[in-house]
Protein chains: 2
Amino acid sequence: MATTKARHTELVGSLVGLMHVLQDLYAETSRPLGLTPQQAHLLCVLLGGPQGMTDLSRIMSIERSSLTSMVDRLERRSLLARNPHPTDRRACQITLTTDGHTLADQAHTAFTDRVEALTVSLSPTARKTLVSAITNITEPGQ
Amino acid sequence: MATTKARHTELVGSLVGLMHVLQDLYAETSRPLGLTPQQAHLLCVLLGGPQGMTDLSRIMSIERSSLTSMVDRLERRSLLARNPHPTDRRACQITLTTDGHTLADQAHTAFTDRVEALTVSLSPTARKTLVSAITNITEPGQ
DNA sequence: TATTGTTATACTCTATAACTATA
DNA sequence: TATAGTTATAGAGTATAACAATA
């Protein structure tokens with residue numbers, strides 16, 4: 001049915017538009033800090049605690065070999081470090097340095113502030129509804 | 001206030017999660033078609049009609065020089081063409097070839113189907129609310 | 001044998017600066 | 001002069017395949 005299809009398309013179009021707005025915002029807030037969006041993403045993931053390479057690659061949906069070069073570059077800038085895993089000598093734990101943590105915090109705050117500014121006109125109820133609808137989408141099995 | 005901050009953070013977190021889910025979906029649906037996500041994006045923009053390089057670079061938020069190389073690669077694959085602008089001899093109009101249009105359609109459909117599948121559990125009312133809330137975010141001045 | 005992470009390689013994406021041609 | 005698009009260059013992101021070390 002045409003109306004149903006149109007409604008679906010409208011929602012998908014909205015979601016895609018939102019994705020691009022957020023991507024652009026991510027890039028805009030990362031650049032002034034001397035980070036690419038991907039680097040900002042990696043540092044922000046590490047705000048949640050140290051991670052191994054394999055886990056990181058899964059979280060970020062990139063190959064381990066791609067991650068190796070990203071980590072190389074950030075390690076050279078002393079923003080993170082490869083620490084030995086306590087029991088598994090093959091593995092390493094990627095941890096933020098003090099500088100890296102500071103920068104990650106700045107990136108996270110800058111981005112969050114910008115997104116919050118965009119959502120300032122939403123009522124508390126609208127926020128709750130929005131979070132609920134989005135969760136429905138991103139976590140299909142609830 | 002702690003609660004307000006937490007609520008904001010929750011919404012921002014949801015939005016970021018949604019962005020990553022959609023990005024991954026974009027990558028997953030593009031790859032089998034032999035396209036990078038950026039190439040798929042470019043082709044899908046052109047589904048809306050021919051565009052000049054400067055307009056395209058604004059729409060996609062990338063530098064014109066970055067676009068030049070992307071267009072080069074897709075032109076080499078005969079997915080799009082540089083046509084002369086009718087009145088301005090400096091400018092060109094990037095248009096999809098028949099093959100490019102077919103591929104762009106496939107990419108668009110594949111992505112749309114996957115996103116629709118994710119939103120299948122939302123009621124018509126929830127959809128309308130969601131579109132409205134998102135529009136509020138992406139078009140601040142309405 | 002399976003897993004962790006790296007290396008080697010090849011492309012693609014991206015920005016900056018300088019350039020050509022046209023308006 | 002200003003604008004449309006390109007070229008040259010350099011760095012970053014990415015995947016595939018093959019590899020070393022350890023589990």
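The chains referred to below are lettered A, B, ... by the order of the sequence lines, with proteins before strands, and numbering in each begins at 1.
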Could you list, one pair per line, each protein nitrogen or oxygen that sits under 3.5 Å from a nitrogen or oxygen of nucleotides 3-7 of chain D, together with the distance?
| from | atom 1 | to | atom 2 | distance (Å) |
| --- | --- | --- | --- | --- |
| D:dT3 | O2 | B:Arg90 | NH1 | 2.4 |
| D:dG5 | OP1 | B:Met53 | N | 3.3 |
| D:dG5 | OP1 | B:Cys92 | N | 3.0 |
| D:dG5 | OP1 | B:Cys92 | O | 3.1 |
| D:dG5 | OP2 | B:Met53 | N | 3.2 |
| D:dG5 | OP2 | B:Thr54 | N | 2.7 |
| D:dG5 | OP2 | B:Thr54 | OG1 | 2.9 |
| D:dG5 | N7 | B:Arg64 | NH1 | 2.6 |
| D:dT6 | OP1 | B:Arg82 | NE | 2.6 |
| D:dT6 | OP1 | B:Arg82 | NH2 | 3.1 |
| D:dT6 | OP2 | B:Thr68 | OG1 | 3.0 |

*Measure the distance from CD1 on A:Ile62 to P on D:dT16 and round it to the nearest whole Å.*
13 Å

*Specify the separation, in whole Å, of atom CD of B:Gln38 and atom C1' of D:dA12.*
12 Å

*Closest listed nucleotide, where the reference is the side chain of B:Thr36 and the choices are C:dT14, C:dT12, C:dA23*: C:dT12

*Would you check, one step at a time, whether the test side-chain contact (heavy atoms from CB on, under 4.5 Å) holds for B:Thr97 with B:Thr102?*
CA-CA 8 Å; B:Thr97 60; B:Thr102 302; over 6 Å; no

*Grab the CD-P distance between A:Glu28 and C:dT14 for me, whole Å please.*
15 Å

*Enter the distance from A:Leu42:CG to A:Gln38:CD here, rounded to the nearest 0.5 Å.*
10.0 Å

*Could you tell me whether B:Glu63 contacts a base, only the sugar-phosphate backbone, or nothing, with contacts defined as non-hydrogen atoms closer than 4.0 Å?*
base

*asked:* Nearest whole Å is fine: how far is C:dT4 P from A:Asn83 CG?
replied: 18 Å

*Toward the 5' end of DNA chain D, which comes first, A:Thr87 or A:Met60, by nearest nucleotide?*
A:Met60

*Any A:Leu11 side-chain heavy atom under 4.5 Å of B:Lys128 side chain*: no

*Separation of D:dA15 P from B:Arg31 CZ (nearest whole Å)*: 6 Å

_On the nucleotide C:dC13, are OP1 or OP2 found under 4.0 Å from the side-chain N or O atoms that B:Ser66 carries?_
no

*Are any of the side-chain heavy atoms of A:Tyr26 and A:His41 separated by less than 4.5 Å?*
yes

_Side-chain heavy atoms of B:Asn136 within contact of A:Leu122, under 4.5 Å_ = yes

*Figure out the CE/P separation between B:Met70 and D:dG13, and round it to whole Å.*
17 Å

*Count the heavy atoms belonging to other residues, nucleotides or ligands that lie under 6.0 Å from NE2 of B:His108, then report whether that count exceeds 12.*
no

*Find the distance A:His85:NE2 to C:dT3:P and express it as a whole number of Å.*
16 Å

*Let me know the distance between CD of A:Gln39 and P of C:dT14, rounded to the nearest Å.*
15 Å

*Using the side-chain contact (heavy atoms from CB on, under 4.5 Å) rule, pick out the option among A:Val21, A:Leu22, A:Leu15 that qualifies with B:Met19.*
A:Leu22

